[in-house]
Amino acid sequence: MENVEITHVLSEVADLLEIQGANPFRVRAYRNAVQTIDGLTRPLAEMVGEGEDLTELPGIGKDIAGYIAELVHTGELRLLRSLEKEVPGTLADLLRLDGVGPKRAERLWHELGVESLDDLEEALDEGRVQALRGFGEKTAQRMRRSIDDFRRHAGRALISEADELVRPLLAHMADAPGIEVLEVAGSYRRRKETVGDLDLLAVCDESRPVMDHFTRYPDARRVESAGETRGTIVLRTGLHVDLRVVPRESYGAALHYFTGSKDHNVAIRRRGVERGLKINEYGVFKARKRGGPAKRTSGPSDRVAGATEAEVYEAVGLVWTPPELRENRGEIEAAEAGALPRLVELDDVRGDLQMHTTWSDGTASIREMAEACRELGYSYMAVTDHSKRVTVAGGMDEKRLEKQWAELDKARKQVTGIHMFAGMEVDILKDGSLDLDDEHLARLDVVLVSVHSHMDLPRATQTDRIVKAVSHPAVHILAHPTGRLINTREPCDLDLEEVLKAAKEHGVAVELNANPQRLDLSDLHVIRARELGVPVVVSTDAHRPDHLRFMRYGVDQARRGWLEKGDILNTRTLSDVRRWLRKA
DNA sequence: GCCGTTTTCGGCCCGACTGTTTTCAGTCG
Ligand SMILES: Nc1nc2c(ncn2[C@H]2C[C@H](O)[C@@H](COP(=O)(O)OP(=O)(O)OP(=O)(O)O)O2)c(=O)[nH]1
Ligand SMILES: [Mg+2]
Ligand SMILES: [Mg+2]
Ligand SMILES: [Zn+2]
């Protein structure tokens, strides 16, 4: 059983308990366990199999460790079975709707017999929801909209799609009257591969005019809310945008709050409580005994910090932490120990080791790609067109590859100042053998291997296939290892742990494909690659010159994976990379 | 349900917005 399956079960337990009205802290305990599991780089099944003590993981105690073991061994959880006898499991779906929480879900079920989205829609049509005490017409309307939005599965946007939406939004907000500072916070600032919404932070003296300007954004389909300090609009694409407006002295605390993640915030605030401090989006304050004046009326004398993010961290004995790490995956402990990594930066990248040209499915010539790489300041690049079996991409056979080498020689004379490695993205065939003969493999400077077909093989077969491929002595890099396309295609079912160990054994690097639809390996995967000592290559897989800019997304993901410059092969100098390629 | 250089019991992050409420619960960030 996969970790995601385990977290789904535990999340459903939390949802059903919450609908039942269980102790909210007990509900939270299940969700905390889910958060911990989400950040693991290894399968729980393996950890259980090796007899590891799961209660050493944060938020996992005796009970939940037992439930995990039960799930791993039997594939089922009796606790969930018995909960589902008391509350219909489908009720948890209702919680996905905006404006429907556990209390309303419970009442809809108990008082109207609603168990599913379809039931709710019917009850709305018949006017039964709005008749309920405390529900009213506006609440019903909101539920209707939520169901529509849910059915149109607006979902999460790629970080690259978010970039396209952010640009005009920032341009619009720059004209807001009296605005002093404007930042994008939330998952966008943490550079997550997808964002659920956009979170904007504004600093100004007077919030009203800024909020009004925000709600008049031309691309807004509707205004969801607009208060004194926060508001939400819905873009035509369906994506929500939250705006938070704060005074200057609160900038750091607000940016910290709005950047998140939620679990990072909660952990930081708990550290505050332990130190007699109250942390909110307005600042860090000396905690008051109960009974004191509430809310924002705390006098300025109570304020300890808040103007900058660094102040907030320092107030709880930590150093400023890069947003990419703020997932409550050990960054707080690292910050405390002074052991935060020195994260890789875009400027550290010296070359791009996967790209395509008109020799297969790229749209630009070798020369054009080389010029674009040189413009980015790279000292090397690899031309890695597809092999013959990838027919849809116009893959090359041995003969065409030799012709390409001749063309490469010409390009090397035309575009100087950048080294061009002769490479190929060689297809891994169904049986794990490679789509190019050994003689030509040996003559290439750099050999990438990757899967483009039979992505649905059973786990063990798929794993054996890829392990066999990386075991070939000519191979340097395993490209887009899981084959996922975010929001489109699930990753191959494979035992990545085995693949990484095989890569380590054979001196093969793994790719972090920087194409924003792939980002493959993911952040958690590269954490594991580093732990196992497998070098990572961040490559754009560019099919056009402008795709070379995807490097930014790859580096962002690498940073989320705690990688330093030294963990990444293509931050090394040309001569070091050459040496590395030859040793294989 | 989890957790502990203040605790093995008694806490658990903290605040904004809306609707229908006559004083705030519910939901969300
Ligand atoms: N302290 C605290 N902060 C929260 C809570 N919920 C959200 N936040 C903060 C941290 C989040 O990063 C930030 C923005 O909320 P979002 O719901 O947009 O989450 P985020 O952007 O992290 O992820 P997303 O991609 O939008 O799903 O607000 C909470 O319950 N407590
Ligand atoms: Mg967000
Ligand atoms: Mg948000
Ligand atoms: Zn490919």
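To find a chain, count down the sequence lines: A is the first, B the second, and so on, and within it residues start at 1.
- In terms of phosphate contacts, A:Thr232 brings no side-chain nitrogen or oxygen within less than 4.0 Å of OP1 or OP2 of B:dG29.
- Checking the phosphate oxygens (OP1, OP2) of B:dC3, no side-chain nitrogen or oxygen of A:Lys62 falls inside 4.0 Å.
- As the counterpart of B:dT8, no nucleotide is assigned, since no Watson-Crick or G-U wobble pattern has both distances under 3.5 Å.
- Judged by the 6.0 Å distance and 45° axis criteria, A:Arg26 is not positioned over the aromatic ring of A:Tyr30.
- Comparing B:dG29, B:dG1, B:dG19 by their nearest atom to the side chain of A:Asp63 picks out B:dG1.
- Among the nucleotides B:dG1, B:dG29, B:dA16, the one closest to any side-chain atom of A:Arg244 is B:dA16.
- A:Leu97 comes within 4.0 angstrom of sugar-phosphate atoms only, judged by non-hydrogen atoms across all strands, and of no base.
- With B:dC14, B:dG1, B:dA16 as the choices, the nucleotide that has an atom nearest any side-chain atom of A:Tyr67 turns out to be B:dG1.
- Residue A:Ile233 contributes atom CD1, which lies 18 Å from atom C1' of B:dT18 at whole-angstrom precision.
- Comparing B:dT22 with B:dG29, their P atoms sit 27 Å apart, to the nearest whole Å.
- Atoms CG and CD, from A:Leu83 and A:Glu12 in turn, are 9.0 Å apart once rounded to the nearest 0.5 Å.
- Considering only the side chain of A:Ile64, B:dG1 comes nearest among B:dC17, B:dT27, B:dG1.
- At a threshold of 4.0 Å, the pair A:Arg303-A:Glu311 does not count as salt-bridged, since none of the basic side-chain nitrogens sits closer than that to a carboxylate oxygen.
- A straight line from NZ of A:Lys103 to P of B:dG26 spans 6 Å, rounded to a whole angstrom.
- The nucleotide whose nearest atom lies closest to any side-chain atom of A:Val273 is, among B:dC14, B:dC2, B:dC12, B:dC14.
- Between A:Thr229 and B:dG15 there is no side-chain polar atom (N or O) within less than 4.0 angstrom of OP1 or OP2.
- The CD atom of A:Glu18 sits 17 Å away from the P atom of B:dA25 (whole-angstrom rounding).
- No contact: A:Leu132 has no heavy atom under 4.0 Å from any strand.
- One C1' atom belongs to B:dT7, the other to B:dC12, and the distance between them is 13 Å to the nearest Å.
- Between B:dT21 and B:dC17, the distance separating the two P atoms is 22 Å to the nearest Å.
- B:dT5 and B:dG1 have their P atoms separated by 23 Å, given to the nearest Å.
- Within the nucleic acid shown, A:Ile60 comes within 4.0 Å of sugar-phosphate atoms alone, with no base atom in reach, counting heavy atoms only.
- Below the 3.5 angstrom threshold, one finds no donor paired with an acceptor across the side chain of A:Tyr257 and the base of B:dG15.
- Annotation: B:dT23 and B:dT18 have their C1' atoms spaced 15 Å apart (nearest Å).
- When distances run from any side-chain atom of A:Tyr30 to the nucleotides B:dG19, B:dC14, B:dG1, the shortest one goes to B:dG1.
- Distance, A:Arg96 CZ to B:dC28 P: 10 Å, rounded to whole Å.
- Going from atom CZ of A:Arg271 over to atom P of B:dT5 covers 11 Å, rounded to whole Å.
- As rounded to whole Å, 13 Å separates atom C1' of B:dC3 from atom CZ of A:Phe25.
- Spacing of P atoms, B:dC2 relative to B:dT6, comes out at 23 Å, to the nearest Å.
- Spacing between B:dA25 and B:dT20 at atom C1', rounded to whole Å, works out to 10 Å.
- The side chain to side chain donor-acceptor pair (under 3.5 Å) check on A:His110 picks up A:Glu106, with sequence neighbours excluded.
- Looking at A:Arg156 and A:Glu161, no side-chain N of the basic residue comes within less than 4.0 Å of a carboxylate O on the acidic one, giving no salt bridge.
- Nucleotides B:dC3 and B:dT8 have their C1' atoms positioned 9 Å apart, rounded to a whole Å.
- With distances taken from any side-chain atom of A:Asp242 to the nucleotides B:dG29, B:dT27, B:dC12, the minimum falls on B:dG29.
- Atom CD of A:Glu274 is separated from atom P of B:dC14 by 11 Å (rounded to the nearest Å).
- Within 4.0 Å (heavy atoms only), A:Ala226 reaches sugar-phosphate atoms of the nucleic acid but no base atom.
- Where A:Arg26 and A:Phe135 meet DNA chain B, the nucleotide closest to each residue was compared, and A:Arg26 sits on the side nearer the 5' end.
- Classification of A:Arg142 and A:Asp148 as a salt-bridged pair fails, no side-chain N sitting under 4.0 Å from a carboxylate O.
- Backbone-only contact: A:Glu137 has heavy atoms under 4.0 Å from sugar-phosphate atoms and none from a base.
- Closest to the A:Arg270 side chain, of the nucleotides B:dC12, B:dG29, B:dT27, is B:dC12.
- With A:Val184 as the partner, the side chain to side chain contact (heavy atoms under 4.5 Å, CB included) test is satisfied by one option alone out of A:Val166, A:Asp163, A:Thr259: A:Val166.
- To the nearest 0.5 angstrom, A:His213 atom NE2 is 5.0 Å from A:Asp175 atom CG.
- Across all strands, A:Pro24 comes closer than 4.0 Å to no nucleic acid atom at all (heavy-atom distances).
- One can place CE of A:Met143 at 10 Å from P of B:dC28, the figure rounded to the nearest angstrom.
- In this structure, A:Asp98 and A:Gly136 both approach DNA chain B, and ranking their closest nucleotides by distance from the 5' end singles out A:Gly136.
- In this structure, of B:dG1, B:dC12, B:dG29, it is B:dG1 that holds the atom nearest to the side chain of A:Ala29.
- Across B:dG15, B:dC17, B:dG1, the shortest atom-to-atom separation from the side chain of A:Glu281 is found for B:dG15.
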